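Remember, it's a predicted structure, so these values are computed and weren't measured experimentally.
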Amino acid sequence: MKSKKIGKKDTIKKAIEKNPEVEKILLEEGMHCAGCPLAMHETIEEGSFAHGIDANKIVKKLNKK
């Protein structure tokens, strides 16, 4: 079964719910957001911006798995 596609407007929490491997990938990219209370409401795009990371690059990598 293929995972649901993840978009940069998805919250970090929702992305992890769609695919639990997202947490590992975010950690590898320097985004230690999974355990943060903001992850409930912060989008991948917002988290990427806060960490100086290209959101499009992250989303592409998240959807590769």
Salt-bridge test for K24 and E21: reply yes if a basic N is under 4.0 Å from a carboxylate O, no otherwise.
-> no
Using distance alone, with no hydrogens and no angle criterion, decide if K8 and N56 have a side-chain donor and acceptor under 3.5 Å apart.
-> yes
Are the side chain of D10 and the backbone N or O of A15 linked by a donor-acceptor pair below 3.5 Å?
-> no
Heavy-atom distance under 4.5 Å between the side chains of K61 and E28, does that happen here?
-> yes
Does L26 offer a backbone N or O that forms a donor-acceptor pair with the side chain of E29 under 3.5 Å?
-> no
Rounded to the nearest 0.5 Å, what's the gap from CE on M40 to CG on L38? Could you check?
-> 10.5 Å
Under 3.5 Å donor-acceptor, K18 side chain and K5 backbone = yes
Contact summary for I53 and G30, nearest pair of heavy atoms | CD1-C, 4.5 Å
Taking side chain as C-beta onward, heavy atoms only, is I12 less than 4.5 Å from V22?
-> no
Sub-4.5 Å side-chain heavy-atom contact between N19 and K4 | no
Working to the nearest 0.5 Å, report the span between CD1 of I25 and CG of N63.
-> 9.0 Å
Work out which heavy atom in S48 is nearest to a heavy atom in A55; give both atom names and the distance.
-> OG-CA, 3.6 Å
Which pair of non-hydrogen atoms, one from H41 and one from E46, has the smallest distance, and what is that distance?
-> O-OE1, 3.9 Å
Quick one: do T11 and E42 satisfy side-chain contact (heavy atoms from CB on, under 4.5 Å)? Show the steps, please.
-> CA-CA 5 Å; T11 63; E42 188 172 57; over 6 Å; no
Looking only at heavy atoms, what is the nearest atom pair of L62 and I6, with distance?
-> CD1-CG2, 4.1 Å
dist C36:SG -> K13:NZ (nearest 0.5 Å) comes out at 13.5 Å
